[in-house]
Amino acid sequence: VVEQAEGGLCLFTLGLAGDAVPLDRGVRPREQIGKAIAGEAIRRLQFVTTTGDVTLKAAKRDVAFPAKPPASGEAAEAGKNSQPIRTEIQVLKLGDIYILGLPGEVLVEVGLPIKKRARIEKLFIVTVSNDAIGYVCHSAAYDEGGYEPSANRLAKGAGEIMIAQALELLGEIRQ
């Protein structure tokens, strides 16, 4: 819809949605949500100022997240122990816009502290970026229980590691 109305290429990226689920998951609701997002994008595009003079910077960081221990008997069967889950985070700076790429389905409670503490007005967090490491939960989610912390490979504390590493990377690229 955006491409038809404005031309060019339109890209959709997923934000902090690890614990956000639409009530109705059918095809029709997805189409309705897509059209609503497209309409809002077209509306906001009318107010965007552009320039041909933009600086570009990029940075990435390798990160190791603790893995959950294997279920009893599972480790002995497979001959494995809990190896860290290795991945990367990255940031792209286009003028005064920052795009932070995080792996996995990041819960809102992990991403919002990044946005708040980074104090960057135009910070966009893109999830499932370059890797699909599962749900990235904050520690309290493991205590509360529920689907996301039980259905992932990451151990408690992974969300806090992501917050700290993302803030450090954002700090480096701002210099």
Side-chain angles (χ1 to χ4, degrees), residues 1-50 54 56 58 60 63 65 67-68 71 85-118 120-156 158-163 165-166 169-170:
V1 172
V2 175
E3 290 175 357
Q4 290 171 351
E6 295 292 327
L9 179 67
C10 182
L11 173 67
F12 173 83
T13 59
L14 185 64
L16 302 167
D19 52 353
V21 179
L23 293 175
D24 190 350
R25 298 182 186 194
V27 172
R28 178 115 171 94
R30 286 195 306 258
E31 290 174 349
Q32 289 172 326
I33 290 168
K35 287 177 182 174
I37 292 170
E40 183 65 12
I42 292 167
R43 186 183 74 76
R44 289 180 180 247
L45 275 171
Q46 308 316 305
F47 303 101
V48 171
T49 56
T50 61
V54 176
L56 173 66
K60 71 175 187 166
V63 181
F65 293 104
K68 283 183 181 175
I85 296 170
R86 299 187 183 284
T87 188
E88 72 177 32
I89 61 175
Q90 60 281 127
V91 65
L92 180 63
K93 183 175 183 268
L94 302 158
D96 63 346
I97 297 171
Y98 294 77
I99 302 170
L100 176 65
L102 301 177
E105 296 184 59
V106 181
L107 271 63
V108 171
E109 294 86 354
V110 173
L112 288 182
I114 295 170
K115 291 188 86 141
K116 182 178 180 182
R117 291 168 51 192
I120 298 172
E121 182 184 348
K122 295 178 183 173
L123 171 61
F124 297 91
I125 298 178
V126 176
T127 62
V128 195
S129 176
N130 291 342
D131 205 350
I133 60 173
Y135 292 103
V136 182
C137 304
H138 57 297
S139 288
Y142 288 86
D143 299 333
E144 294 166 4
Y147 178 76
E148 291 84 4
S150 65
N152 74 36
R153 304 176 299 147
L154 301 175
K156 185 175 181 177
E160 288 73 17
I161 291 170
M162 181 171 281
I163 292 168
Q165 293 294 311
L169 187 62
L170 286 165

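Scope of the values below: all heavy atoms of this structure, side chains included, with no hydrogens, waters or symmetry mates.
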Closest heavy-atom contact between [X] and [Y]?
X	Y	value
Tyr142	Cys137	CE1-CB, 3.7 Å
Pro149	Ala141	CG-O, 3.3 Å
Val136	Pro103	CG2-O, 3.8 Å
Val110	Ile163	O-CG1, 3.4 Å
Val106	Gly111	CG1-N, 4.2 Å
Val54	Gly95	CG1-N, 3.3 Å

Discussion item. Go through it in stages, so that I can follow the logic: the residues are Leu170 and Ile120, the test is side-chain contact (heavy atoms from CB on, under 4.5 Å), and I'd like the CA-CA distance, side-chain angles, deciding distance and then a yes or no.
Written reply: CA-CA 9 Å; Leu170 286 165; Ile120 298 172; 4.1 Å; yes
Would a distance-only check, ignoring hydrogens and angles, find a side-chain to backbone donor-acceptor pair under 3.5 Å from [X] to [Y]?
X	Y	result
Gln165	Val63	no
Ser150	Tyr147	yes
Lys68	Asn152	yes
Glu109	His138	no
Lys122	Tyr98	no

Do the non-hydrogen side-chain atoms of [X] and [Y] ever get within less than 4.5 Å of each other?
X	Y	answer
Leu107	Glu148	yes
Leu94	Leu92	yes
Phe124	Ile97	yes

Fill in: Distance-only side-chain donor-acceptor flag, Glu105 / Thr127, under 3.5 Å
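There is no such pair between these side chains.
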Discussion item. With a 6.0 Å cut-off (strictly less than), is the heavy-atom count around CZ of Arg44, excluding the residue itself, greater than 12?
Written reply: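 Counting other residues, nucleotides and ligands, CZ of Arg44 stays at 12 neighbours or fewer.
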Discussion item. If you count every heavy atom of other residues, nucleotides or ligands that lies below 6.0 Å from Gln4 atom CD, does the total exceed 12?
Written reply: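 Counting other residues, nucleotides and ligands, CD of Gln4 stays at 12 neighbours or fewer.
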Practice prompt. Evaluate side-chain contact (heavy atoms from CB on, under 4.5 Å) for Glu40 paired with Lys35, printing each intermediate quantity in order.
Written response: CA-CA 9 Å; Glu40 183 65 12; Lys35 287 177 182 174; over 6 Å; no
From [X] atom [atom1] to [Y] atom [atom2], the distance as rounded to the nearest 0.5 Å:
X	Y	atom1	atom2	answer
Gln46	Arg43	CD	CZ	10.0 Å
Thr13	Ile125	OG1	CD1	11.0 Å
Glu88	Leu169	CD	CG	10.0 Å
Lys93	Leu56	NZ	CG	9.5 Å
Thr87	Phe65	OG1	CZ	7.0 Å

Fill in: Member of Leu102, Leu100, Asn130 meeting the side-chain contact (heavy atoms from CB on, under 4.5 Å) criterion with Gln90
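In the set Leu102, Leu100, Asn130, the residue that makes a side-chain contact (heavy atoms from CB on, under 4.5 Å) with Gln90 is Asn130.
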Item to complete: Test side-chain contact (heavy atoms from CB on, under 4.5 Å) on Leu123 and Ile99 and set out the steps.
Response: CA-CA 6 Å; Leu123 171 61; Ile99 302 170; over 6 Å; no
Practice prompt. For Asp96 and Glu121, run side-chain contact (heavy atoms from CB on, under 4.5 Å): C-alpha distance rounded to whole Å, both residues' side-chain angles, the deciding distance at 0.1 Å, then the answer.
Written response: CA-CA 9 Å; Asp96 63 346; Glu121 182 184 348; over 6 Å; no
